[in-house]
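Counting begins at 1 with the first residue of the sequence.
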Amino acid sequence: MIDQRIIELEYYINHIDDFTLDDIAEKMLISRKQLGRLLKTWDEAGIIAYTPGRGRGNKVKIEMKRDVQTETVEEVYRNINNMSVKELQKLLQLPWRHHSFLNLQAIVNKKISEVEKPDSYELIEWVRKIPELIHPAHINDYLGAQLSHQMFDTLYRVSSTGEIIRNLVSYDNWVDNALHIHLKKQVKFSDGTLLTTRDVKRSLEYCASEQSPFAALFTVIEQIEIINEYYLILNFSRRPKFFEYTLTQKYSAIYKQVDEKRLIGTGPYQLEDHQEDSLTIRYNLFYRGHLPDIEKIKYLNKLSEHNQFDSYKKENNDVLFITIGEEFLLFNPHKDLTTKQRAFLSAVFMEVAEEYVESDQSNARNREYPLTQPLEEEHKITRPVKVVGNRYTQTFYEALKHRLLSYDVQLLIIDIEPIDYINKNLMTLDVDFIWMYENYHNLQPYKTLDLLKQCKFQEWYGHLTEGYKIVNDLEYKAHETQSNVGYQYFKKLNQKYLFVPVRKVKRKIYVAAHTKNVDALPYGIVNYIDVVLDKKTTIN
């Protein structure tokens, strides 16, 4: 097969004015000496006409004598049965002319659709519902976050140690109140088109639009200025704190809209099939990183009669538990309950919870008072305590109500439908506490930022002085790390029994025995790109 580096050479000599051998060698990531040998070889083979620029003022001349792109596509067509997926992926990353690329892509797609992959290279996840819309700015559950993570990339990402690092960004810097962003070049969407600043601008403008649930986080951008295809500037009236963290979140992922309902991204997977009871994604050959061992992931609705969930469980009994969120008691800071009263109510709640839910024992036993003793006279609760409930928590709250009556404490249950609870601001609810579920980052300061900026927690606490200072980085002390500030904030809330952890919410993943290295990321996401299929087990 023709040396594929000639396609790179053709691209550079057509896109660099007054090029030198040093320019071409640097672009091709080889030495000038190596390049000289290659040019001589290709010249002798009749592929190019190469004239060294010897002497002062004489320029190097390189002309293409053959249409290497057409010849390469024809060779791929003849030899594709003998080519590996990694070879095809590398081939698709080359800077093709548009027409040649479309021909190559058609050949590769046809081949992939023809080949039947063994089940061992697929993974099945059972879910309660298949989403109608896959859009990073409209994530309603862990599956939406999972699909967004696999199909789309963000400008930045958070490392496992809590550092914000560049992802689609090659270089950035702040100049006064403007964030200057230079994109990585040659990043491609799953259809092979290049990612440019226009795609970033459209994605971020949608995040700030009225249709986006996260508009409040992005309206701080006053203007997005495109300088060229890979350089843009985000302008603000004043420099916002932690904005790079906002750009790590899945709702800020960059995408391209190909039709009314379909978005494509630059992540390791792309959508293959989307039905009412099932959804399939497969690896994206244009992904710039390594391809995952798992070539396809199928999401099946376990409640559907067509999918036979019960029989699957019998054959695949290896179960992994992934944390998708956390439940906690959140007390209304605007009410008159004292710390001791909140501690008492929390302890009674946890005791009843042990009988009705699978709670973490470490949390359930974190009580200040022995429950056999009533509250002291000066701390007695003399008015009814109000709590939000719904049809799912009715039985539990009736039991809690009965238990509290034994301590002469009345509990009033304010029934609200879940959708109404989501749409109502907590400040409009006249209640003392809520059994709340949220999905947030567990590393500090991101746990604190998530709860104060994008969870319902913010509706009671976001505008209180201490929370407001953290979000806006006011009165920040240089010797304190941001993670410690977040830690101390929640330590105080815990000590005052305003925020009381109840339990971690987990989901089951059924996997075959040869599936290894299944790691959980924040927000209940599984990092499938690093999952390893034990080939020895597969073969046996």
Side-chain angles (χ1 to χ4, degrees), residues 84-90 92-93 108 112 117-125 127 134 136 139 142-169 184 186-192 195 247-256 263-273 279-299 318 320-324 441 443 507 509-512 514-535 537-538:
S84 69
V85 170
K86 288 186 177 179
E87 286 175 321
L88 293 175
Q89 183 192 28
K90 184 179 179 181
L92 287 167
Q93 300 295 333
V108 173
I112 290 175
K117 299 295 181 184
D119 291 342
S120 58
Y121 291 88
E122 298 179 350
L123 185 139
I124 294 177
E125 267 226 54
V127 297
I134 303 174
I139 296 172
Y142 83 87
L143 180 55
Q146 182 75 62
L147 291 170
S148 183
H149 175 76
Q150 290 163 175
M151 295 173 61
F152 307 103
D153 278 324
T154 49
L155 292 171
Y156 300 85
R157 63 184 178 87
V158 179
S159 72
S160 59
T161 56
E163 297 173 309
I164 296 177
I165 57 181
R166 301 181 185 111
N167 193 26
L168 293 175
V169 176
K184 290 180 179 177
Q186 294 302 312
V187 176
K188 293 181 179 179
F189 289 103
S190 57
D191 66 349
L195 167 73
L247 296 177
T248 70
Q249 299 299 285
K250 288 305 162 189
Y251 48 72
S252 70
I254 307 304
Y255 57 85
K256 178 180 178 181
L263 308 180
I264 58 174
T266 59
Y269 290 89
Q270 64 177 342
L271 184 66
E272 180 178 75
D273 184 59
L279 185 147
T280 303
I281 58 176
R282 66 171 172 86
Y283 54 53
N284 168 20
L285 284 174
F286 295 102
Y287 182 60
R288 67 193 188 282
H290 72 88
L291 285 177
D293 265 16
I294 297 173
E295 296 173 2
K296 282 188 181 182
I297 303 175
K298 294 181 179 178
Y299 296 94
D318 282 10
L320 299 174
F321 291 90
I322 304 296
T323 299
I324 60 173
H441 207 297
L443 283 179
R507 64 184 173 99
I509 298 180
Y510 296 88
V511 297
H514 59 266
T515 309
K516 310 295 182 184
N517 198 38
V518 183
D519 291 329
L521 299 175
Y523 311 110
I525 296 170
V526 176
N527 195 24
Y528 284 120
I529 193 171
D530 288 335
V531 170
V532 175
L533 298 177
D534 190 335
K535 301 299 190 299
T537 309
T538 304

Write out all pairs satisfying salt bridge (Lys or Arg N to Asp or Glu O under 4.0 Å) with one or both partners inside residues 154-168, taking only residues at least two apart or from two chains.
-> Arg166-Asp172
Under the side-chain contact (heavy atoms from CB on, under 4.5 Å) criterion, do Val526 and Ile322 qualify, and how do the steps go?
-> CA-CA 8 Å; Val526 176; Ile322 304 296; 4.1 Å; yes
Salt-bridge contact Lys250-Asp153 (side-chain N to carboxylate O under 4.0 Å) | no
Those residues that, when tested against Tyr142, pass ring pair (Phe, Tyr, Trp, His ring centres under 6.0 Å) (two or more places apart) | none
Can you list the steps and then say if Tyr156 with Val169 is a side-chain contact (heavy atoms from CB on, under 4.5 Å)?
-> CA-CA 7 Å; Tyr156 300 85; Val169 176; 4.1 Å; yes
Point-to-point distance, once rounded to the nearest 0.5 Å, from OG of Ser190 to OH of Tyr283 = 14.0 Å
Can you tell me how far NZ of Lys184 sits from OG1 of Thr266, rounded to the nearest 0.5 angstrom?
-> 10.0 Å
Decide yes or no for Tyr251 and Pro136: does some side-chain heavy atom of the first lie under 4.5 Å from some side-chain heavy atom of the second?
-> no
Any side-chain heavy-atom pair from Val158 and Ile165 closer than 4.5 angstrom?
-> no
Do Tyr299 and Ile297 come within less than 4.5 Å of each other through their side chains, counting heavy atoms only?
-> yes
Any Lys/Arg nitrogen of Glu272 or Lys296 sitting under 4.0 Å from an Asp/Glu carboxylate oxygen of the other?
-> yes
Any side-chain heavy atom of Leu155 sitting closer than 4.5 Å to one from Asn167?
-> no
So does Lys298 pair up with Asp273, basic N to acidic O under 4.0 Å?
-> no
Is the closest side-chain heavy-atom distance between Thr154 and Leu168 below 4.5 Å?
-> no
